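Throughout, a chain's letter reflects where its sequence line sits, starting with A, and its residues are numbered from 1. Because the structure is predicted, anything quoted here is derived from the model rather than measured.
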Amino acid sequence: MAKALVERVLNEVGVKGEIVETFKGEELEGVRYVHILVEEYPAQKEFREKYEWAHRVILGEHVTLEDGTGLVHTAPGHGEEDFEIGQRYGLPVYSPLDDQGKYTEGKWKGIYVKEADPEIIEHLREKGYLVKAGEIEHKYPHCWRCKTPLIFRATDQWFLKVSKVKDKIIKENDEKVTWYPDWVKVRYDNGVMNSGDWVISRQRYWGIPLPIWQAEDGEIYVVGSFEELVKLAVAIEVNGERIDLPESYEEKLRVIEERLGPEDLHRPYVDAFIIKVNGKEMKRVKDVVDVWFDSGIASWASLDYPRNKELFEKLWPADFIVEGEDQVTKWFYSQQAASVIAFDTVPYRAVAMHGYVLDEKGDKMSKSLGNIIRPEEVVQKEGRDPFRFYMLWATNPWENLRFSWKGLEQVKRMLNILWNVYVLSATYMSLDNFDPTKLKPEELPFRKEDRWILSRVNSLVGEVTEGIETFRLTKATRAIYNFVVEDLSRWYIRLIRKRMWVEGDDPDKLAAYYTVWKVFDVLLRLMAPFTPYIAEEIYQNLLRPFTGVESVHMLDWPKADEKAIDGELEREMEYVRKIVEAGSSARQKARIKLRYPVRRIIIETEEETVKKAVERLNRLLKDQLNAKEVAVGKVERELIIKPNFAKVGPEFKGDAKLVSQWISEHGRELYEKGEVDVEIEGKTFHLTREHITVEEKLPDFLVAEEFEGGRVFVDKTLTRELLAEGVAREFVRRIQEMRKRLDLDVNDRIVVAIETTDENRELLQENLDYIMRETRAVEVRFEEARGYVVEWPEVQAKIGIEKV
RNA sequence: GGGCCCGUGGCUCAGCCUGGUCAGAGCGCCCGCCUGAUAAGCGGGAGGUCCGGGGUUCGAAGCCCCGCGGGCCCA
């Protein structure tokens, strides 16, 4: 008995005892004991004589100190661990149970094991062998489907000796297969190393029958085809009746068809064949093949190989397979194992492993938890394209995805933005009967921003292509997402809107149209695999009339036009956007609305790229910042130096006041020298920059904001001219709002009447032409508002408009 | 018990391979702006012990080791 268990066991049994000797368990190895049921089971007597290690203590590492005594009974016929250790000691695999769980011999022959238990206990008690009987709770295997307890029983099975080709599998896999993500390969290799031979037989009815025929003496023959089966057949058994077959193949076939039916390589058809090999009659082994074997041969079975060799030679091995992470040691493996056995090589060239879809909280979706979201529901509520894009965009494919409706909303928003860009462009293009095939791009006056977005979209081709090729679909979809939202909508479209409003055959406008068209030409092809429907819809309307190709899905995958890529320009634009953002922020601080122009914006920077950007993209900056001038420069500012009381106080205590006063007067000197010894009222003080705080003071008319490459200063000096322009825009904006409320057509003309303050009137008069042009007004009068009248308290005005 | 993966603001995630660019985005929240893409759009702000602990390094969210929590597979 194990020392650690002595007390517990004695307690349980209710016996007093003491430890007389302690020694290692291994000293017991080989000690012979008498089997307690040796009389009831004659086979045990035989074992005792025939097997050296039968009924002896053996050693095993699977015995624990958690339950029992430290000694366990080993039954190699009823449990995997027992079987393995039994093999090590050369023990017989004894399993006197039939398929029903009933004893096949011995005292309890014919009785179901569980029913025999109490009888056996009673029997042992009578014989005086029983110390204690009781119940112990422990884990026990159950049927995964019907949940009934299982009884382990050693049986004869057919194996594929995969251990013989393991090294080959790993080697072939190493050399020929790319795994995405690459670390799955490690997982796979570990799995292969740990796996044993493959049990391919199953005692079922449905399935692929094992093509093995066996003679009474055990000799086997594996039949390779229906034709071979017929050739070897000497008889068939139909309804228990043996029908001997004629000699010739054709006649055999006729008899078989007549008595058994047409060719069918399933049970019970194949079971009927009795073949003759080496002069012995053989019958089929009744087992069917493990379904994992079916899956293992999928790569060629699906090509109808070996019956059809043509497809196989053309398509095999497969380029790519994809499955969930539970299949690493299952389908990915069954295919390689079967293929290496059959062809000495692996059946695919790339594997992609994906994770699962979990619910929002990260729990597995399951019926019992009631957290299942059906794909159909998602498709119906949000659409196929958003769903598809979302799945690839939300997390890396190999990671688990926490499904979130909000995430889906976000993707929808992006697609909506794309749709808006398309609608806007298409509206203006069709108004102008835009036809890209009639234009010569080399003659169009492209602006910097046009070249920029073309550069960006070509860079995007590279990003998306790389993402797809390396299975980093999240990278690809995120690159598309950012391009659509940031580059195309938020920036490019914003920049070209005014150009699109120009009437007539303006080359500047055509350049913008052409650019947008070109961007869509590339972008739609990039998006086609991710959002096939929306890509196709836009393609049909915007591109197909000019490309003539029936569908976006029939176009070639785009190649990046290296000549169009201008990294320098992209970097400069990056800065321009940052400058505009900082400028807007500065305006917000100064409370100057974007409608009011500012006199000047100064950029302070050390970076060459920023300087170049300000120079080359100046028009763009002025436009977006609504500034009369944007320039790189240096802003003079005043330094305010104050004593740092937090330092000065504790250090100089009683003299702090004196020191502070000195700093207030001579701070500049200290700041410039860095440190200084000063004598005040006979005392010397050592002062450093630590003792001061430095603030920069800008001139009152400037407001500053930092950005990554420097600082932006907005000159907020408001001249009368600037004010007049701002006010004009205020009114234009409101008249436009009214036009919209009246649902006027873009081309409708109006008459405007304004009642407002004298101040406003004078200011407005300075920009009357501008107001009329922008609002399509034939006249602006300062008189009683008529027609559609709205009062606008924010600008102290009452405006009336009438359509003419 | 073993192998592999994941753990970053309230939420969902980038970044990690190839250490250094104040740690990024979206959603939500707060404050603004713009408006002939309009039942849209844009900007700004607040908000983070980068799971914990050691180590390597001039420097670690990132590399190494040990834990903790979750997922998958195997035993």
note: A/Ile493, atom CD1; B/C42, atom C1'; distance rounded to Å ~ 15 Å
Please give the distance between the P atoms of B/C17 and B/C64 as a whole number of Å.
9 Å
Can you classify the ring geometry of A/Tyr333 versus A/Trp198 as parallel (below 30°), tilted (30 to 60°) or perpendicular (above 60°)?
tilted
Select base, sugar-phosphate, or nothing to describe what A/Arg472 touches, counting heavy atoms under 4.0 Å on all strands.
sugar-phosphate
Look at the side chain of A/Arg490 and decide which nucleotide, out of B/C34, B/C72, B/G43, has an atom nearest to it.
B/G43
Rounded distance (Å) that lies between atom P of B/G3 and atom CZ of A/Phe332:
22 Å
Checking B/G71, B/C73, B/C42 against the side chain of A/Asn400 (C-beta onward), the nearest is B/G71
Under 3.5 Å for both donor-acceptor distances, Watson-Crick or wobble: does B/C42 have a partner, and if so which one?
B/G32
Hey, does A/Asn396 reach any base, or is it just sugar-phosphate, or nothing, if we go heavy atoms under 4.0 Å?
sugar-phosphate
B/C72 P sits how many Å from A/Lys185 NZ, rounded?
26 Å
If I pick the C1' atom on B/G24 and the same atom on B/G62, what distance separates them, to the nearest angstrom?
15 Å
Expressed in whole Å, how much space separates the C1' atoms belonging to B/C51 and B/G70?
11 Å
Counterpart base for B/G52, defined by Watson-Crick or G-U wobble contacts under 3.5 Å
B/C66
Under 3.5 Å, is there a donor-acceptor pair between the A/Tyr188 and A/Gln336 side chains?
yes
Between P of B/C4 and NE2 of A/His354, the distance in whole Å
22 Å
Can a side chain N or O of A/Arg595 be found less than 4.0 Å away from OP1 or OP2 on B/C34?
yes
Using a heavy-atom cut-off of under 4.0 Å over every strand shown, decide if A/Val580 touches base, sugar-phosphate, or nothing.
nothing
On RNA chain B, nearest-nucleotide positions of A/Asn482 versus A/Ala394: which is more 5'?
A/Ala394
Scan side-chain atoms only and decide if A/Tyr390 and A/Gln410 contain a donor-acceptor pair under the 3.5 Å cut-off.
no
Taking B/G43 as the reference, what is the distance to B/A61 when you measure between their C1' atoms (whole Å, please)?
29 Å
Can you confirm whether the side chains of A/Ser163 and A/Asp197 place a donor and an acceptor under 3.5 Å from each other?
yes
With the side chain of A/Glu325 defined as its heavy atoms from C-beta on, choose the nearest nucleotide among B/G71, B/C5, B/C42.
B/G71
Candidates B/A40, B/C34, B/C5 - which lies nearest the side chain of A/Leu594
B/C34
When the P atoms of B/C66 and B/C30 are considered, how many whole Å apart are they?
47 Å
Can you find a donor-acceptor pair, distance only, under 3.5 Å between A/Arg187 side chain and B/C72 base?
yes
Give one of base, sugar-phosphate or nothing for A/Tyr428, where a contact means two heavy atoms less than 4.0 Å apart.
sugar-phosphate
Do A/Tyr514 and A/Asp450 have a side chain donor and acceptor closer than 3.5 Å?
no
Given B/C13, B/C72, B/C42, the nucleotide with the shortest approach to the side chain of A/Arg478:
B/C13
OP1 or OP2 of B/C27 sitting under 4.0 Å from any side-chain N/O of A/Arg413?
yes
Can you check whether A/Lys330 has a side-chain N or O nearer than 4.0 Å to OP1 or OP2 of B/C72?
no
Under a 4.0 Å threshold between the charged nitrogen and the carboxylate oxygen, would A/Arg88 count as salt-bridged to A/Glu84?
no
Quick check on RNA chain B: between A/Lys475 and A/Tyr596, whose nearest nucleotide comes earlier from the 5' end?
A/Lys475
In whole Å, what separates the C1' atom of B/C65 from that of B/U57?
16 Å
Distance between the C1' atoms of B/C6 and B/C50, in whole angstroms?
14 Å
Opposite nucleotide pairing with B/U18, Watson-Crick or G-U, both atom distances under 3.5 Å
none
Spacing of A/Asn626 atom CG relative to B/C33 atom C1', expressed in whole Å
13 Å
A/Asn190 vs B/C74: side-chain N/O to OP1/OP2 distance below 4.0 Å:
no
Grab the CG-P distance between A/Leu625 and B/G43 for me, whole Å please.
14 Å
Using a 4.0 Å heavy-atom cut-off across all strands, classify A/Thr474 as base, sugar-phosphate, or nothing.
nothing
If you look at every strand shown and take non-hydrogen atoms under 4.0 Å, does A/Glu399 touch a base, only sugar-phosphate, or nothing?
sugar-phosphate
Which whole-number value in Å describes the distance from A/Met414 CE to B/G41 P?
13 Å
Counting heavy atoms from C-beta on, name the nucleotide in B/C33, B/C4, B/C13 closest to the side chain of A/Val186.
B/C4
Could you check whether A/Tyr428 and A/Phe434 have their ring centres less than 6.0 Å apart?
no
Can you tell me the pairing partner of B/U12 across any strand shown, Watson-Crick or G-U wobble, with both distances under 3.5 angstrom?
B/A25
Taking any strand in view, what nucleotide pairs with B/C4 in a Watson-Crick or G-U wobble way, both distances under 3.5 Å?
B/G71
Is the gap between the ring centers of A/Trp517 and A/Phe520 under 6.0 Å?
no
When the distance from CD of A/Glu323 to P of B/C73 is rounded to whole Å, what number comes out?
12 Å
Between B/C22 and B/C63 - C1' atom distance, rounded Å:
23 Å
